[in-house]
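One structure is given below, represented as structure tokens, and several questions about it will come after.
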There are 2 protein chains.
Amino acid sequence: MSERRPGEIPEATVARLAVYLRVLTGLVDASTVTVSSEELATIAGVNSAKLRKDLSYLGSIGTRGVGYDVTVLREKIASSLGLTQRRTCVLVGIGNLGHALAGYSGFSSRGFTFVGYFDADPARVGEPIVDSRIRDIAELELVVKSHGVSIGVIATPAEAAQTVCERLVDAGVTSILNFAPSVLTVPDNVDVRKVDLAAEMQILSFHEHRKSRGLGNGLVESVG
Amino acid sequence: MSERRPGEIPEATVARLAVYLRVLTGLVDASTVTVSSEELATIAGVNSAKLRKDLSYLGSIGTRGVGYDVTVLREKIASSLGLTQRRTCVLVGIGNLGHALAGYSGFSSRGFTFVGYFDADPARVGEPIVDSRIRDIAELELVVKSHGVSIGVIATPAEAAQTVCERLVDAGVTSILNFAPSVLTVPDNVDVRKVDLAAEMQILSFHEHRKSRGLGNGLVESVG
DNA sequence: TTCACTTTGTGCCTGCGTTCACAAGCGGTT
DNA sequence: AACCGCTTGTGAACGCAGGCACAAAGTGAA
């Protein structure tokens, strides 16, 4: 029944492709030529069948009896993720977290170029940041439109997030990464991913709670 | 037959409970007394049936014909997540991101107490951070054991992450939040959650790529 | 009490994602 | 050339999660 159109990659797979890509980059640096699904899966921390199925969505890349050519596979994944072209981004909200994000070298090295850092606080505007300066949020639309920015990163307080989000979307941004602890409402054509630090901690707290509850009685699963 | 043991809450539900909790806290601040699943679901950005099913795992909390008592529900969720007791945490790796995390007020306000900030760089050791000072990583085990730390946050470079992880686990930590772009290997009884900033951007990049491919022609993916 | 109305809690169905297991395919060897 | 051993790619089964739709259960009014 479910005949997936070629090029239609499941969401869960996309998330893992990014991990495989990183692992493969490491292998390239180590001058590894070929890798089997078993090896790659072990390093990436997933099941090898899952890995093969993930890669199969990109076409038939491997060689049976041998494995995958590391550089070929890396290129294929990169192109599937649309990483062959640099993407322009803006960062809004230059507090503690915003500064950290601006300083994170992982973005630039992976093809993401930040063309503007914005804050609403007049006291911060003009401060140097990375190789640039913090701009007034009033210039947001101008910069987004002139650079054709496609990804907006929100690191503002929760109260400001939705407003900032709407301004980004209206200016033409179609993907948003949200660090503010707030639920964003966007049109259908816009993608949002959220990173909720407090929620992550609370999820861990839940598991801690669960584990400590299980200690007394015999309910725990076998400890390896 | 899906007979779930009482107290067994699905993983997907746990993640959403944290969101509901935040929304409810907002409602308490706004002196709201009662809320229906429809209202709460809208604010939280989920389907109301899903929300009701999520809450049903906590027991029968609502009142039919009325809705949920905001404070009662909030308490119930907080206790399910194990947030009634404060949890002690350590943060390892005080670079850009580490500083931002240390300064994030959302942790402390939600019951997480950081009892140690560690770095391997001798030049950084002793620097003030929040209401404390950066400690030498050599003291990690001592602090973890003496405070009974249950959650470790890793914000080191990728190369150091696995080693730090093992030291944390050996010292007794059973939950880890990993910000390093690296796959951690841990024993079965330890929970790991990862926050991979570059991966998030790459996932968005994928969707940008997909959107732009679909714009002009009706054709996709003809690789030669 | 009985009725009308509201909202919860959930049975059931559907679909996605994961895993198993194996046929198909490739390289190396004799 | 024929065979053997290894690894990929995938059909099929399974399990978890999401969403509809409705019975159950509460409130308030007559």
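The chains referred to below are lettered A, B, ... by the order of the sequence lines, with proteins before strands, and numbering in each begins at 1. Nothing here was measured: the structure is a model prediction, and the numbers come from that model. Basis for what follows: all heavy atoms, side chains included, without hydrogens, waters or symmetry-related copies.
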Compare all side-chain heavy atoms of A:L168 with those of A:V90 and state whether any distance is below 4.5 angstrom.
yes
B:S37 side chain N/O closer than 4.0 Å to the phosphate oxygens (OP1, OP2) of C:dT8?
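Affirmative; the distance criterion is met.
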Could you tell me whether the phosphate oxygens of D:dG18, OP1 or OP2, come under 4.0 Å of any side-chain nitrogen or oxygen in B:R16?
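For D:dG18, OP1 or OP2 has a side-chain N or O of B:R16 closer than 4.0 Å.
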So A:F114 and A:F107, would you call those rings parallel, tilted or perpendicular, with 30° and 60° as cut-offs?
tilted
Can a donor-acceptor pair under 3.5 Å be found between the side-chain atoms of A:K50 and the base atoms of C:dG17?
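Absent.
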Quick one: B:K53 NZ to D:dC20 C1', roughly how many Å, whole number?
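Going from B:K53 (NZ) to D:dC20 (C1'), I get 10 Å.
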Need one value for B:S60: base, sugar-phosphate or nothing, where a base atom within 4.0 Å counts as base even if backbone is also close, heavy atoms only.
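Contact class for B:S60: sugar-phosphate only.
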Under-4.0 Å side-chain N/O to phosphate OP1/OP2 contact, B:Y57 with C:dT10
no
Between B:T63 and A:T63, which is nearer to the 5' end of DNA chain C once each is assigned its nearest nucleotide?
B:T63
When all nucleic acid strands are considered with a 4.0 Å heavy-atom cut-off, which category describes B:I61: base, sugar-phosphate, or nothing?
sugar-phosphate
What are the two closest heavy atoms between A:L184 and A:Q162, and how far apart are they?
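Scanning both residues, the minimum pair turns out to be CA-OE1, 3.4 Å.
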Give a yes/no on whether any side-chain N or O of A:Y68 is located under 4.0 angstrom from OP1 or OP2 of D:dG9.
yes
Does any part of the side chain of B:R52, heavy atoms only, come nearer than 4.5 Å to the side chain of B:Y68, both counted from C-beta?
yes
Any donor-acceptor pair under 3.5 Å joining the side chain of A:R64 to the base of D:dT7?
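Check fails, no donor-acceptor contact within cut-off.
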B:N47 side chain near D:dC20 phosphate (N/O to OP1/OP2, under 4.0 Å):
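B:N47 to D:dC20 OP1/OP2: side-chain N or O found under 4.0 Å.
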